[in-house]
Amino acid sequence: MNMAALLSFLHPMIVMVICGIWVLSILKSDYSELVKGGGGDAQVKGDNN
Amino acid sequence: MAVATFWIILILVIVTAFMVNRYVKSSSDYYVMGKKGETIGITGVLTASYLSAVTFVGIAGIEYLNGPPIFLICYGSWIGMVCGFIYVGRRLRAYGAITMPDYLQERFGTSVRIIATVILIVGLLGYGVVQLMGAGVLLSSVTGISYNIVIIVFAIALITFCAVAGMYSVVIVNTLLLATILVACFILAPIMIKLGGGFDGLTNGLMNIDPNFWSAGGRKFHMPTGWTVGQFVLWALFFPAAPWIAGMALPCKNDFVLMRAICWSTLITTVGVVTLFLGCSAMFLVNPNIAPADQVFIWACKNSVHPILGGLGIAGVMAAILSSGATIFMGAGFGLSRDLYERYIMSKGGTLDDRKKIVLARIAQVVVGVIVVIFALSKPLAIYWISAWAGALFATAWLPTLIAGFEYKKATRAGVIAGMLCGAGSYILLYQCVKKWKLFTLPFNLDPVIFGIIVSFVAILLVSSLGKAKEEDMAVYTRVKGIGLAEGTIQTMTRGEIVKEYLTTKTTAWVCIIVAVVVLGLLAIRIVPAVSG
């Protein structure tokens, strides 16, 4: 197996996967509770009115 | 064709800048687009800023002579961009910063902010001069127009489009220019691969000439593994602190726009750069004698495709130069007007209304432009030194300071000042000893920037441990740490809007992951076995 050739494609692919998973993890940690209808102490715009 | 493309692009840029000028009503509009940036605009400005002349000219030539892996393996700027935007940019945006030094002012006070801003401006000016000089040499040879005229005309366009509408014009113009960059990466580069014999040419064709075309060190350069590792680390650490990456998070309308923009930008830059570099390598099979080699992409545009497509390709190269130059000019101008002059006036008890702030920012852009043009035209010897250090200054001085600010509560003002000065100073000293004076070599051929970063972190930890952080600084750390990075977004949107944005962002992330895995996976399946033993 030519590792240099493999890494040439694996490297950018892994970066995109890391980026995507990072974004998905932010969505899960910071927003999912709110989206599901909970939200704890978070106050959305509508709650201010 | 090239001359026409040159003038059309410059006129388009200036006209667009004047058209968007009407949207600039306040200094916030000028500096961060009133924080109204949408996904397409932020994706455009981030991608176009990331892809500079270095990608289309310098590295493209290295790929042509050495084969695809030499830079595809060590292109640490991809992960650097992701970290710079999500880790650094998202925090700066959530803390309400208008410019990057804003955060340092709040976290560590005036002295740290002034030193950091001076380093920022010197680094950006050095980098800006290099970009402008590179553009002058390249466009002069392509168009036949003299170097001095190209520099002056190009600088007038850059100054105009940065000064007229600030971030607004940079975001909108860069988004328009991105179209030509996409043509270059996704239409021209595949045509170049086809001209070189398609996948068979890329694999068997190149391997028959020299199997080292598919080696990590390259066919011509035979770079050692230490160089590959060093380059990866250098780019991965340089980009997170680069103002033209993290600074592009500041105009985002909300957190969701920020997340979608980095997903699209990462997809375009990973798949686009891979395709571009495969195309440049394939051109060796079409003509192995292109000289200078770094004009391989320009040569392909002029000689291998339909003139209209070739013109769009050259426009893509110009767009890459213009967009990177603009974000660099803008960063230096903002540093001069907002982070030094405005703050100085305010510290003396003076006040500036919004109109005066915008005028001041425009004057700063012109001052920056004139300085860069004088350097680019006179080419003093010192500028070659400054330009060599410019990029590394962000990695050695800014990155450790930002990380200390975000993560190290007990970091003292003296500690971060020592970190910035020792990091930048040790890098410059090592660079001169190793690369200029050739006094010794570093282990594994690692780049001096890696040692500069280590020295900077050690200096921050050591000096901070000798003193005590100010209560007000630790209070800022605690307050800032307590600010949820999503809080600003949540408070400005209704629950229904959040749900909609959440689903769109989630879908975007998955689409980008799937497209990258499928496209790059198919390329790997098609190419790797054919170039293996």
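Residue numbering restarts at 1 for every chain, and letters A, B, ... go by the order of the sequence lines.
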Requested in this report: Specify the closest pair of heavy atoms between A/Leu27 and B/Tyr502, including all atoms of both residues, with the distance to one decimal.
Outcome: O-CE1, 3.5 Å
**Report entry** Atom NZ of B/Lys35: over 12 foreign heavy atoms under 6.0 Å
**Finding:** yes
Report summary line: All heavy atoms of A/His11 vs all of B/Leu72, minimum pair found to be ND1-O, 2.7 Å
Query - Atom group of B/Ser215 that falls short of 4.5 Å from chain A, counting heavy atoms - result: backbone
Query raised in the report: Does A/Trp22 reach the side chain of B/Cys83, with side-chain heavy atoms less than 4.5 Å apart?
Result: yes
Query - Side chain to side chain, A/Pro12 and B/Tyr75, heavy atoms closer than 4.5 Å - result: no
Report summary line: Distance col, row B/Thr228:OG1 vs A/Leu7:CG, nearest 0.5 angstrom, shows 10.0 Å
Requested in this report: Working to the nearest 0.5 Å, report the span between CG of A/Leu6 and CD1 of B/Ile525.
Outcome: 10.5 Å
Requested in this report: Might you point out which heavy atoms bring B/Trp214 and A/Asn2 nearest each other, and give the distance in Å?
Outcome: O-ND2, 3.0 Å
Query - Any B/Thr505 side-chain heavy atom under 4.5 Å of A/Ile26 side chain - result: no
Requested in this report: Inspect the surroundings of CD1 in B/Ile40 and state if more than 12 heavy atoms from other residues, nucleotides or ligands are less than 6.0 Å away.
Outcome: no
**Report entry** Point-to-point distance, once rounded to the nearest 0.5 Å, from CE of A/Met16 to CG of B/Leu267
**Finding:** 6.0 Å
Query raised in the report: A/Ala5, A/Cys19, A/Ser29, A/Gly20: which one forms the most heavy-atom pairs within less than 4.5 Å of chain B?
Result: A/Cys19
Query raised in the report: Side chain, backbone, both or neither: which part of B/Leu202 has a non-hydrogen atom closer than 4.5 Å to chain A?
Result: neither
Query - Residue A/Lys28 excluded, over 12 heavy atoms near NZ under 6.0 Å - result: no
Query raised in the report: If you measure from CD1 on B/Ile79 to CD1 on A/Ile18, what distance do you get to the nearest 0.5 Å?
Result: 4.0 Å
Query raised in the report: Given the options B/Val519, B/Val271, B/Thr269, B/Val499, which has more heavy-atom pairs under 4.5 Å with chain A than any of the others?
Result: B/Val499
Report summary line: If one checks every heavy atom of B/Ile262 against chain A at 4.5 Å, the contacting part turns out to be both
**Report entry** Greatest number of heavy atom pairs closer than 4.5 Å to chain A - which of B/Ala516, B/Cys263, B/Ala216, B/Gly217
**Finding:** B/Cys263
Requested in this report: Identify which part of B/Tyr87 has an atom lying under 4.5 Å from any heavy atom of chain A, answering side chain, backbone, both or neither.
Outcome: both
Requested in this report: Please work out which of the three classes, parallel, tilted or perpendicular, describes the rings of A/Tyr31 and B/Phe256, given edges at 30° and 60°.
Outcome: tilted
Requested in this report: Under 4.5 Å, counting heavy-atom pairs only, tell me which of B/Arg260, B/Glu501, B/Arg90 racks up the most with chain A.
Outcome: B/Arg90
Report summary line: Smallest heavy-atom separation, B/Pro69 atom then A/Ala4 atom, equals CB-O, 3.9 Å
Query raised in the report: Which atoms form the tightest heavy-atom contact between B/Val528 and A/Met1, and what is the distance?
Result: CG1-SD, 3.4 Å
Query raised in the report: Tell me, side chain or backbone of B/Phe232 under 4.5 Å from chain A's heavy atoms, or both, or neither?
Result: side chain
Query raised in the report: Is there side-chain contact between B/Leu278 and A/Phe9, with at least one heavy-atom pair below 4.5 Å?
Result: yes
